[in-house]
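Notes follow once the structure below has been shown.
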Amino acid sequence: MAAWIQAPKGTKDILPKDSENWRLIEDIMRDEAAIHGFQEIRTPVFERTELFERSVGDTTDVVQKEMYTFLDKGNRSISLRPEGTAGAVRALLENALLNEGIPQKLYYLISCYRYENTQEGRQREFHQFGCEAFGTEKPIADAEIIALAHGIFERLGIRGLSLEINSIGCPQCRSKYHETLRTFLEESKEALCHTCLERLDKNPMRILDCKTPSCGEITKDAPIMKDYLCNDCAEHFFAVQSYLDAADIPYKVNTRIVRGLDYYTRTVFEFISGDLGAQSTVCGGGRYDGLVKQMGGAQTPALGFAMGMERLLLVMKAQQIQLPQPAVCRLYIASLGKAAQMKGFALSNMLHHAAIKAECDICDRSLKAQMKYADKIGAMFTLVLGDNELQQNKAELKYMRTGETMPITLGNDFLTEFLAAITQAESLALGSQS
RNA sequence: GUGGAUAUAGCUUAGUUGGUUAAAGCGCCAGUUUGUGGCACUGGAGAUCGUCGGUUCGAAUCCGAUUAUCCACCCCA
């Protein structure tokens, strides 16, 4: 296969055998968001590079080394979105959605782009479902948005996800904690790994997340954020937990959860799966009370999460979760000759107008080949049209499962007679199942 | 950006110490005498053996480079 006909590294086609599952999952997400009062927002795939630098943070890996950035023909620096929050906040401000009332609750289903090395659960183009809520700093909002994500996993039949939550405090208490942590780590500076040494200045909290055993050894007894939260933050975190308890949503506090995007404050959470490889986070999110103001809006508390579609699909595959199959073709119309093909086309159109799934021959194939095709697509009924049938304006409707046939007229009553046949066949099928 | 493994038809794989025309199963298309699917049988299409270069009389096979995939670091959903 010539290289130019291969999809670019890190991208995947979603083929018919999978796209039905994607659609079903997306439908559940849309519905779950809708019943929580969230409305869809669609924003551009690309934005001005500056937007991501100023929101996601220009010291984060995502912005620093993973963005697809280019100059357009007008010499503007443009980037493909690496995540969804920045665009949502930009649209919120630009269209003054907060003036329409509070809270604003938005969701999106988007593709995102990050220039990374690929591995299981990590691609360069990937898809996210995300929710964002603006205008409330109350802990019940944190619990609601976690409940929304939790509800989606439940409806999809996913088991064994662990919800881990933490509070990384507000800028005030966090900077105090940073100082304490930094002094603690300075003592065993020599033993830290190379990358953690660099983190010491910029973002010491990330060191807690390091998987290098030696760093883990050092941070084992490190001071934890929880003990340094200011009164308001501590109270908030405690209240979030009470609401989760009230909603019967199991969780555990993991003081090592540190999110990699700069805008997070207070509550952060992840849904983690043991059925994935190293990329085990299926859903991540948290509060970002400072972002809207930082982007030029009024001080507006906000929070959100995103879940990775591809990772979700991997978990579901690992757990062998069966989704409902698409509706089968109700009728395949086989035809012999041009006149019969024309009639078959007209009859299938009649069914399509009644929203019934039906197909007729579009390849001029032999009757046998047509029947084989009908069998392959799992057609419920078949109808063979030839000169005889056209003359008599009648045909034999064949129920494929048993091979039984029944007469049907090809005139105006065709639709009603066919509907009756379906009803009868369905009641038979139900009867044979029990 | 770093490390390890892999690369033969649409898919799953075989291919001997380098030796003629690269093999099989599944899938696809068609046929097995009149206008009816599943089963069986027969046939057909489909591979410049990831790509480029080297060694050799001769390379799918040996060597080098490159690309892609998978896994892991890192990062994150």
Side-chain angles (χ1 to χ4, degrees), chain A residues 1-12 15 17 56 60-67 81-85 110-130 149 193-196 198-199 203 206 209-212 257-261 264 268-273 276-286 304-315 332-337 340 363 365-389 395-403 405:
Chain A
M1 189 90 59
W4 60 270
I5 211 170
Q6 280 175 14
K9 183 181 175 77
T11 66
K12 277 199 175 120
L15 301 172
K17 71 181 162 64
V56 178
T60 58
D61 280 8
V62 168
V63 167
Q64 231 171 24
K65 25 191 213 195
E66 294 173 358
M67 279 214 295
R81 62 179 167 217
E83 55 97 60
T85 303
I110 58 173
S111 57
C112 297
Y113 303 85
R114 291 184 198 173
Y115 192 87
E116 298 188 272
N117 259 341
T118 56
Q119 69 187 78
E120 176 161 64
R122 194 166 78 182
Q123 299 169 207
R124 289 184 176 179
E125 180 188 58
F126 60 101
H127 297 80
Q128 285 190 341
F129 166 76
C193 73
H194 182 70
T195 34
C196 283
E198 285 175 14
R199 288 171 175 153
N203 194 351
R206 290 254 199 107
D209 218 17
C210 184
K211 278 116 196 162
T212 312
I257 289 196
V258 181
R259 312 253 61 232
L261 310 181
Y264 286 112
V268 291
F269 61 92
E270 291 183 10
F271 284 86
I272 296 169
S273 167
L276 289 171
Q279 310 304 319
S280 53
T281 302
V282 184
C283 172
F305 69 80
M307 47 179 88
M309 292 294 294
E310 283 83 358
R311 288 186 189 174
L312 204 58
L313 271 288
L314 284 173
V315 173
Y332 179 84
I333 304 177
S335 55
L336 293 151
C363 294
R365 285 198 283 204
S366 71
L367 180 61
K368 184 156 184 136
Q370 292 184 56
M371 290 304 290
K372 272 191 165 184
Y373 177 75
D375 187 57
K376 194 175 79 174
I377 64 172
M380 193 180 206
F381 288 99
T382 54
L383 195 64
V384 176
L385 300 182
D387 294 340
N388 298 341
E389 286 77 11
E396 289 292 318
L397 188 64
K398 181 170 181 175
Y399 184 50
M400 292 296 271
R401 234 180 74 192
T402 59
T405 61

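None of the values given here were measured: they were computed from a predicted structure. Only this structure's heavy atoms are used, side chains among them; waters, hydrogens and symmetry mates stay out. Throughout, protein chains are lettered first and strands after them, A, B, ... in sequence-line order, and every chain is numbered starting at 1.
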Using the test side chain to side chain contact (heavy atoms under 4.5 Å, CB included), find all partners of [X] that sit at least two apart in sequence or belong to another chain.
X         : result
Ala340(A) : Ser335(A), Leu385(A), Leu390(A)
Gln128(A) : Ile110(A), Cys112(A), Arg114(A), Phe126(A), Ala306(A)
Lys12(A)  : Gln123(A)
Ala369(A) : Arg365(A), Ser366(A)

Query raised in the report: Tell me, what's RNA chain B's dot-bracket, Watson-Crick or G-U with both distances under 3.5 Å, | for other-strand, [ ] crossing?
Result: (((((((..((((.....[...)))).(((((.......))))).....(((((..]....))))))))))))....
Identify whether any heavy atom of [X] sits under 4.0 Å from a base atom; if not, whether one sits that close to sugar-phosphate; answer base, sugar-phosphate or nothing.
X         : result
Ala306(A) : sugar-phosphate
Gln279(A) : base
Gly10(A)  : sugar-phosphate
Gly130(A) : nothing
Glu120(A) : sugar-phosphate

If you measure from the [atom1] atom in [N] to the same atom in [M], how many Å do you get, rounded?
N      : M      : atom1 : value
A45(B) : G37(B) : P     : 26 Å
A59(B) : U51(B) : C1'   : 16 Å
G27(B) : G10(B) : C1'   : 7 Å
U56(B) : A72(B) : C1'   : 39 Å
A23(B) : A77(B) : C1'   : 44 Å
C28(B) : G3(B)  : P     : 45 Å

Show me the protein contacts with nucleotides 4-7 of chain B, counting only N or O atoms at under 3.5 Å.
none

For [X], check side chain to side chain donor-acceptor pair (under 3.5 Å) against everything at least two apart and list the hits.
X         : value
Glu125(A) : Tyr113(A)
Tyr373(A) : Glu359(A)
Thr60(A)  : none
Glu396(A) : Thr405(A)

Query - Gln119(A) side-chain N/O to A72(B) phosphate OP1/OP2 under 4.0 Å - result: yes
Report summary line: A correct 5'-to-3' footprint of nucleotides 32-38 of chain B, with B, S and - meaning base, sugar-phosphate only and no protein heavy atom under 4.0 Å, is B--BBBS
Report summary line: Contacts of Phe271(A) meeting ring pair (Phe, Tyr, Trp, His ring centres under 6.0 Å) (sequence neighbours excluded), chain-then-number -> Phe153(A)
